[in-house]
Participant: 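Got a structure for you, questions after.
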Amino acid sequence: MREINISGKKRTDVGKKATKLLRKEGYVPCNLYGESTEDGKPVAMSIAILAKDLRKAVYTPHVYVVNLDIEGELHTAVMKELQFHPTTDALLHIDFYEINETKPITIGIPVKLNGLAQGVRDGGRLNLTVRKINVTAPYKNIPETLDIDVTSLTIGKSIKVGELKFEGLEMATSKEVVVCSIKATRKSNAAAQATEEA
């Protein structure tokens, strides 16, 4: 997984008024859920990060491990929950979850289709149904993308999550979910008909 370094500051006042003021100053209020727990639930540290520093990590197809520097305290985390304004699409809030090299995490990784499918050569259309698949593994084992070879995929066929295997990764998305498929088109139907007639 790619890594990115981001700095932030602790926030002591977490009321609505203080949050509004923070956003006005260009900050995004965030929570960092650490390793420590209280009554079995992770304890959150309230932090604030400049919106401009978060852009590269948020508005991207890539998934990042975030090295957070909170006033000199270093934390390795991933972004789990992101809230956006319903009309302006402005980033309102992020929940970070602290991770380490041994503890498995579940995270959505982008799908990358490789090769020219046989079904496309035959005039069909390749459809990507899911852009990300959830996987579980220690973060050091998680790749930037899940590369799927579609070369042998023919018209009317599909690839499901259950058919995929990646070393060191456990699939967390349902096995029945279709990742991609080849749909017939007028062109492919006409070609098939011409072949039959011939």
Side-chain angles (χ1 to χ4, degrees), residues 1-112 128-146 161 169-174 177 179:
M1 284 174 76
R2 295 183 180 213
E3 297 193 14
I4 191 168
N5 300 324
I6 294 175
S7 298
K9 63 178 185 179
K10 291 179 185 177
R11 51 190 181 106
T12 47
D13 198 346
V14 292
K16 274 188 181 177
K17 199 176 176 183
T19 303
K20 208 172 181 181
L21 193 65
L22 265 180
R23 290 195 181 112
K24 227 175 192 176
E25 291 170 356
Y27 283 89
V28 175
C30 308
N31 286 331
L32 171 63
Y33 291 91
E35 300 279 295
S36 54
T37 57
E38 207 173 89
D39 298 330
K41 292 177 183 174
V43 177
M45 180 198 295
S46 297
I47 59 175
I49 300 170
L50 281 167
K52 67 178 179 68
D53 293 344
L54 287 165
R55 276 192 200 117
K56 195 181 174 189
V58 173
Y59 301 102
T60 172
H62 304 296
V63 178
Y64 284 99
V65 167
V66 183
N67 297 314
L68 283 173
D69 183 340
I70 310 298
E71 297 176 13
E73 283 181 28
L74 301 177
H75 303 269
T76 306
V78 288
M79 295 182 287
K80 279 280 189 173
E81 298 284 331
L82 288 84
Q83 288 174 21
F84 295 91
H85 193 281
T87 51
T88 64
D89 220 24
L91 185 60
L92 295 178
H93 184 88
I94 299 180
D95 281 344
F96 288 95
Y97 281 77
E98 197 161 4
I99 58 175
N100 61 44
E101 289 188 20
T102 55
K103 185 176 157 189
I105 61 166
T106 300
I107 197 161
I109 299 299
V111 169
K112 187 182 174 193
L128 178 62
T129 318
V130 288
R131 298 198 174 278
K132 284 184 179 180
I133 294 173
N134 291 332
V135 299
T136 304
Y139 83 91
K140 290 279 186 186
N141 295 1
I142 297 175
E144 287 179 27
T145 58
L146 294 176
V161 171
L169 299 184
E170 188 186 316
M171 297 295 157
T173 296
S174 167
V177 171
V179 180

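It should be emphasised that the depicted structure is a prediction, and the values quoted were computed from it without experimental measurement.
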Participant: List the atom of Ile6, the atom of Ala57, and the distance in Å for their closest heavy-atom pair.
Facilitator: CD1-CB, 4.2 Å
Participant: Donor-acceptor pair, Thr145 side chain versus Pro110 backbone, under 3.5 Å?
Facilitator: no
Participant: Tell me, do Val58 and Met79 make a side-chain contact under 4.5 Å, heavy atoms counted?
Facilitator: yes
Participant: How long is the straight-line distance from NE2 of His75 back to CD of Glu73, given to the nearest 0.5 Å?
Facilitator: 4.5 Å
Participant: Is there side-chain contact between Val135 and Leu146, with at least one heavy-atom pair below 4.5 Å?
Facilitator: yes
Participant: Quick one: does Glu71's side chain have a donor or acceptor within less than 3.5 Å of a partner on Lys10's backbone?
Facilitator: yes
Participant: Determine whether Met1 and Val63 satisfy the following criterion, side-chain contact (heavy atoms from CB on, under 4.5 Å), listing intermediate values before the conclusion.
Facilitator: CA-CA 7 Å; Met1 284 174 76; Val63 178; 3.6 Å; yes
Participant: Evaluate the side-chain proximity of Arg11 to Thr19: yes if any heavy-atom separation is below 4.5 Å, no if none is.
Facilitator: yes
Participant: Please round to the nearest 0.5 Å and tell me the distance separating atom NZ of Lys17 and atom CG of Leu22.
Facilitator: 13.5 Å
Participant: Measure the shortest side-chain to side-chain distance between Phe84 and Leu91 over non-hydrogen atoms and say whether it is less than 4.5 angstrom.
Facilitator: yes
Participant: For the residue pair Asp89 and Tyr59, what are the closest heavy atoms and their distance?
Facilitator: O-OH, 3.6 Å
Participant: So which atom in Val28 and which in Ile94 form the shortest heavy-atom distance, rounded to 0.1 Å?
Facilitator: CG1-N, 4.4 Å
Participant: Sub-3.5 Å donor-acceptor pair from the side chain of Arg23 to the main-chain atoms of Leu92, do we have one?
Facilitator: yes
Participant: Any side-chain heavy atom of Asn100 sitting closer than 4.5 Å to one from Thr76?
Facilitator: no
Participant: In the structure I gave you, are the side-chain heavy atoms of Val161 and Val179 within less than 4.5 Å of one another anywhere?
Facilitator: yes
Participant: Do the side chains of Asp95 and Cys30 get nearer than 4.5 Å, heavy atoms only?
Facilitator: no
Participant: So Leu169 and Thr136, do their side chains get closer than 4.5 Å, heavy atoms only?
Facilitator: no
Participant: Picking from Ile109, Ile133, Val130, what satisfies side-chain contact (heavy atoms from CB on, under 4.5 Å) with Thr173?
Facilitator: Ile133
Participant: Distance from Glu3 atom CD to Tyr64 atom OH, nearest 0.5 Å?
Facilitator: 11.0 Å
Participant: Which distance, rounded to the nearest 0.5 Å, do you find between the CG of Leu68 and the CD1 of Ile47?
Facilitator: 5.0 Å
Participant: Drop me the distance from Arg55's CZ to Leu50's CG, to the nearest 0.5 angstrom.
Facilitator: 10.0 Å
Participant: Mind running side-chain contact (heavy atoms from CB on, under 4.5 Å) on Tyr139 and Thr102 for me, showing each step along the way?
Facilitator: CA-CA 8 Å; Tyr139 83 91; Thr102 55; over 6 Å; no
Participant: Mind checking the CD-NZ spacing from Glu98 to Lys103? Nearest 0.5 Å is all I need.
Facilitator: 8.5 Å
Participant: Does Glu144 have more than 12 heavy atoms from other residues, nucleotides or ligands lying within 6.0 Å of its CD?
Facilitator: yes
Participant: Looking at Tyr27, I'd like to know if the NZ or CZ of Lys9 sits under 6.0 Å from its six-membered ring centre while staying within 45 degrees of the ring's axis.
Facilitator: yes
